[in-house]
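Before any comments, here is the structure.
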Amino acid sequence: NRGAFDAMLQDWVDAAAKEKAPFALAMVDLDDFKRINDTYGHPVGDRVIVAAARLLEGAAGAGEVAARFGGEEFALLLRTPSVAKAKHRVVALLESLPPSFQYEVDGRKSFVSFSFSGGVTAWTAGDTAESIVKRADEALYDAKRRGKKRVETRPQTFLRGLMGG
């Protein structure tokens, strides 16, 4: 999945540069995932990963991409050129999380809840696949530092673009 995502991201970057078809990238990371594994066990942690993947996949529109990036981190390629609109979509997704998810182990029904943090940026001229992922990751780390269960943005500035960041 990661290799396929990397190839798709490169295609999107190439298309954006050639056809002036900008897009947004959102990086999403499950909050306190280690606690879920430690508290409920790895089989439940695996189910949380699947639930998150399905949620993100359902949020991707036609021609958009949701992919597992690694561990408990996911990426969304969104066909919106606006950081604000992309953030709005990811915030709406975060707010749509149910209070808990039901799972069953040994015939017993139980519940687990989870949240995520997100980082959003948009492609701008001069971006590479690496630079846009780096910027979205920086925004994601901002969200984690600011309390988790939130979405932050990192728009590309003209000066940063000139400096290669």
Side-chain angles (χ1 to χ4, degrees), residues 1-37 45 48-97 114-165:
N1 196 359
R2 173 62 192 276
F5 171 77
D6 288 345
M8 283 185 268
L9 175 58
Q10 188 60 56
D11 289 347
W12 282 47
V13 166
D14 293 345
K18 186 183 287 185
E19 301 161 20
K20 304 295 181 238
F23 64 93
L25 171 65
M27 300 299 290
V28 171
D29 188 74
L30 299 180
D31 294 327
D32 303 314
F33 186 70
K34 183 180 179 339
R35 179 192 52 79
I36 291 170
N37 275 334
V48 167
I49 294 268
V50 169
R54 287 184 178 151
L55 182 76
L56 294 167
E57 189 176 60
E64 296 181 328
V65 176
R68 188 170 177 192
F69 195 74
E72 65 272 8
E73 191 172 9
F74 298 85
L76 284 168
L77 291 172
L78 303 170
R79 290 274 178 212
T80 177
S82 159
V83 172
K85 287 180 183 176
K87 178 182 179 179
H88 177 76
R89 286 181 61 187
V90 178
V91 167
L93 186 60
L94 179 59
E95 291 173 350
S96 77
L97 281 173
F114 69 88
S115 66
F116 65 80
S117 298
V120 178
T121 195
W123 179 89
T124 57
D127 261 334
T128 64
E130 279 183 356
S131 68
I132 195 168
V133 167
K134 179 181 178 198
R135 209 165 49 251
D137 259 341
E138 288 170 351
L140 171 59
Y141 292 124
D142 288 346
K144 294 285 190 178
R145 280 191 295 271
R146 293 179 180 152
K148 302 178 183 172
K149 195 176 181 181
R150 58 188 298 127
V151 180
E152 297 292 338
T153 62
R154 279 278 178 111
Q156 172 77 299
T157 64
F158 177 71
L159 182 58
R160 256 183 118 176
L162 290 176
M163 296 171 58

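Quick caveat: nothing in here was measured; it's all calculated off a predicted structure.
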Can you tell me how far apart [atom1] ([X]) and [atom2] ([Y]) are? Round to the nearest 0.5 Å.
| X | Y | atom1 | atom2 | value |
| --- | --- | --- | --- | --- |
| Ser131 | Trp123 | OG | CH2 | 10.0 Å |
| Ser82 | Lys87 | OG | NZ | 11.5 Å |
| Met27 | Arg154 | CE | CZ | 14.0 Å |
| Glu95 | Ser115 | CD | OG | 12.5 Å |
| Asp32 | Glu72 | CG | CD | 10.0 Å |
| Phe114 | Ile49 | CZ | CD1 | 9.0 Å |

What pairs of donor and acceptor atoms, side-chain ones from residues 56-70 against any protein atom, are under 3.5 angstrom apart with sequence neighbours left out?
unit_1 : atom_1 : unit_2 : atom_2 : d
Glu64  : OE1    : Gly61  : N      : 2.6
Glu64  : OE1    : Arg89  : NH1    : 3.3
Glu64  : OE1    : Arg89  : NH2    : 2.7
Glu64  : OE2    : Arg79  : N      : 2.7
Glu64  : OE2    : Arg89  : NH1    : 2.9
Arg68  : NE     : Gly71  : O      : 2.7
Arg68  : NH2    : Gly71  : O      : 2.9

Can we say [X] and [Y] salt-bridge, meaning some charged N sits less than 4.0 Å from an Asp/Glu carboxylate O?
| X | Y | result |
| --- | --- | --- |
| Asp142 | Arg150 | no |
| Arg2 | Asp6 | yes |
| Lys144 | Asp31 | yes |

Report task. Take Val48 and Phe33, measure what side-chain contact (heavy atoms from CB on, under 4.5 Å) needs, and give me the verdict at the end. Result -> CA-CA 9 Å; Val48 167; Phe33 186 70; 4.2 Å; yes
Beyond-backbone contact of [X] with [Y], side-chain heavy atoms, under 4.5 angstrom:
| X | Y | value |
| --- | --- | --- |
| Ile132 | Phe23 | yes |
| Thr121 | Val133 | no |
| Val13 | Gln10 | yes |
| Leu55 | Ser96 | yes |

Report task. Using the side chain to side chain contact (heavy atoms under 4.5 Å, CB included) rule, pick out the option among Val90, Leu93, Leu140 that qualifies with Val151. Result ->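 Answer to the side chain to side chain contact (heavy atoms under 4.5 Å, CB included) test with Val151 among Val90, Leu93, Leu140: Val90.
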Query raised in the report: Around Glu130, counting heavy atoms of other residues, nucleotides and ligands shown, do more than 12 lie under 6.0 Å from its CD?
Result: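 Result for CD/Glu130: open.
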Query raised in the report: Counting N and O atoms only, with roles assigned by atom type, does the side chain of Thr153 sit under 3.5 Å from a partner on the main chain of Pro155, one being a donor and the other an acceptor?
Result: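 Judged by distance alone, no pair lies under 3.5 Å.
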Query raised in the report: Under 3.5 Å, side chain of Asn37 to main-chain N/O of Lys34, donor-acceptor pair present?
Result: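 No, the answer is negative, given that no donor and acceptor are paired below the 3.5 Å cut-off.
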**Report entry** With sequence neighbours excluded, residues passing side chain to side chain contact (heavy atoms under 4.5 Å, CB included) with Ala86
**Finding:**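 Applying side chain to side chain contact (heavy atoms under 4.5 Å, CB included) to Ala86 gives Ala24, Leu78, Thr80, Val120.
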Report task. Provide the closest heavy-atom pair for Pro81 versus Ala122 in the form atom of the first, atom of the second, distance. Result ->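 Nearest heavy atoms, Pro81 then Ala122: O-CB, 3.6 Å.
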Report task. Mind listing the closest non-hydrogen atom pair of Ala143 and Ser117 along with its distance? Result ->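 For Ala143 and Ser117, the tightest heavy-atom pair comes out as CB-CB, 4.0 Å.
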**Report entry** Any residue meeting side-chain hydrogen bond (donor to acceptor under 3.5 Å, both in side chains) with Lys20, in chain and number order, not counting sequence neighbours
**Finding:**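 None.
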